[in-house]
Amino acid sequence: MSAAEGPLVVGVDTSTQSTKALVVDAATGRVVASGQAPHTVSSGAGRESDPRQWWDALCEALRQCGDAAREAAAVSIGGQQHGLVTLDGRGEPVRPALLWNDVRSAPQARRLTEELGGAKFWAERTGSVPAASFTVTKWAWLAENEPESVRATRAVRLPHDYLTERLTGQGTTDRGDASGTGWWASGTESYDEEILARVGLDPAMLPRVVRSGEVAGTVRDSHDLPFSKGTLVAPGTGDNAAAALGLGLRPGMPVLSLGTSGTVYAVSKRRPADPTGTVAGFADAHGDWLPLACTLNCTLAVDRLASLLGLDREAVEPTTGLTLLPYLDGERTPNLPNASGLLHGLRHDTTAGQLLQAAYDGAVHALLGALDLVLDEDADRSAPLLLIGGGARGTAWQQTVRRLSGRPVQVPEAKELVALGAAAQAAGLLTGEDPAAVARRWNTTRGPVLDAVERDEETLARISGVLSDAAPLLERSSETH
């Protein structure tokens, strides 16, 4: 390993299924060491994880980084959004965290929307209309279903907050992740006391919102990590805001992320407020906004279909007349939390490869439908889509996005963009730079551009038609699993 040109920083991505850590040269963006360790997520009606597993995974990921992690001057943590972490008076989890893809709080989301001013009120107040993924709905669900857990709770945190607090001993968060809770007012950039009162949450139990560029704290004495006491800790942020930093996004640059969830987003100078709830009006991590639309079913759903069919995920065949809506975990975009997968157009001559392609088409359809709502009117609609996430390097994903979008697609070579964005945030503490400017200096978007192809309007229209016709069935609550 050649010597680093600048100080070393650590960027962390604590995602749904694993924690990844990168040690990065702040001068060049070169990754000098990396590590990864898995988490366990429950199955069944809920999606839960023990937060202590995240800490153990962070320790293991950093152990894999070796001596390089010990030399780091700053660290920052990016994490899965929305998860509800409840801590007791000793800072220990009261119960497993309710994760973003736990949709049991759908009834509470509907009720909160109706009881507190309707969708327009929520969009204007918080930037978003509550969905089952949002933290405020999970707290309401917990209060109704596990009042003893609520009574035992002394602090409420998001996943990245939990790990940052274990590093520093201080309860902090940032505007990017706070904007996904449903109790942070985007207009005033502060916690919304009316909403908190409605759900019975004491604002004293919430973390302090740290400003961009501010030091969240320093690594304290008592920890199991290879950091020196006094190592700077950046505010951290939610995973999508961290990836936006990692790409060094300028306003209007469109991103399509293919992971456990699928997302489309772009940085905007305008504060979003979509009363339909399709676009979540998140804040970004450094003063602008990050309008975003998210689907619950993306790479995992398509991989599940491939597994059921006994196929490799790339074994797709062209299909006509076949529609598969892969809403295996309910869906957020469109807002159908009780939905399950739906297949239409099956024939005797349908092949397994065609079924798999239909799953890809169904997963991409909702994301592209939301893209026009995410982008400002002055955005360049012909600019390449930045394709990121675990599915971005898959040929079938690339070709499906090209065919259904009709746009050029750029696939950045940089991997682990959430951890890279966190590393850029840590580097910004040392250099005084905007973290997005750090990432641009690192040239993180460098990668091949796939030319645009003619947009497949016929497939898009067919999927939209099936979705519209099947809406009453998809909205019906499933009695069995």
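What's counted below: heavy atoms across the whole structure, side chains too, no hydrogens, waters or symmetry copies.
The ring-ring contact (aromatic ring centres under 6.0 Å, His included) pairs that include a residue from residues 392-413 are Tyr360-Trp397, where partners are two or more places apart or lie in different chains.
Of the possible donor and acceptor atoms, none in the side chain of Asp361 sits under 3.5 Å from a partner among the backbone N and O of Val364. When atom types are taken as modelled, the side chain of Asn297 and the backbone of Gly330 share a donor-acceptor pair closer than 3.5 angstrom. Side chain of Trp442 to backbone of Ala26: a donor-acceptor contact under 3.5 angstrom is found. Using modelled atom types, one side-chain atom of Thr351 and one backbone atom of Gln354 make a donor-acceptor pair closer than 3.5 Å. For the pair Glu48 (side chain) and Val41 (backbone), a donor-acceptor distance under 3.5 Å is absent.
Residues satisfying the side-chain contact (heavy atoms from CB on, under 4.5 Å) test with Ser179, not counting sequence neighbours, are Trp184, Phe282, Ala283. For Ala69, the side-chain contact (heavy atoms from CB on, under 4.5 Å) partners are Val23, Leu62, Cys65, Pro226, not counting sequence neighbours. In this view, Phe134 and His82 satisfy the ring-ring contact (aromatic ring centres under 6.0 Å, His included) rule, not counting sequence neighbours. For Pro408, the side-chain contact (heavy atoms from CB on, under 4.5 Å) partners are Pro384, Val449, Ala452, not counting sequence neighbours.
Relative orientation of the Tyr162 and Trp54 rings is perpendicular, given thresholds of 30° and 60° on the angle between their planes.
One finds a salt bridge joining Glu124 and Lys120 here, because a Lys/Arg side-chain nitrogen approaches an Asp/Glu carboxylate oxygen to under 4.0 Å. A salt bridge is defined here as a Lys NZ or Arg NE, NH1 or NH2 lying under 4.0 Å from an Asp or Glu carboxylate O, and Arg47 with Asp329 meets this definition.
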Determine all donor-acceptor pairs shorter than 3.5 Å in which one atom belongs to a side chain in residues 241-267; sequence neighbours excluded.
unit_1 : atom_1 : unit_2 : atom_2 : d
Thr260 : OG1    : Gln17  : NE2    : 3.0
Thr263 : OG1    : Asn240 : OD1    : 3.4

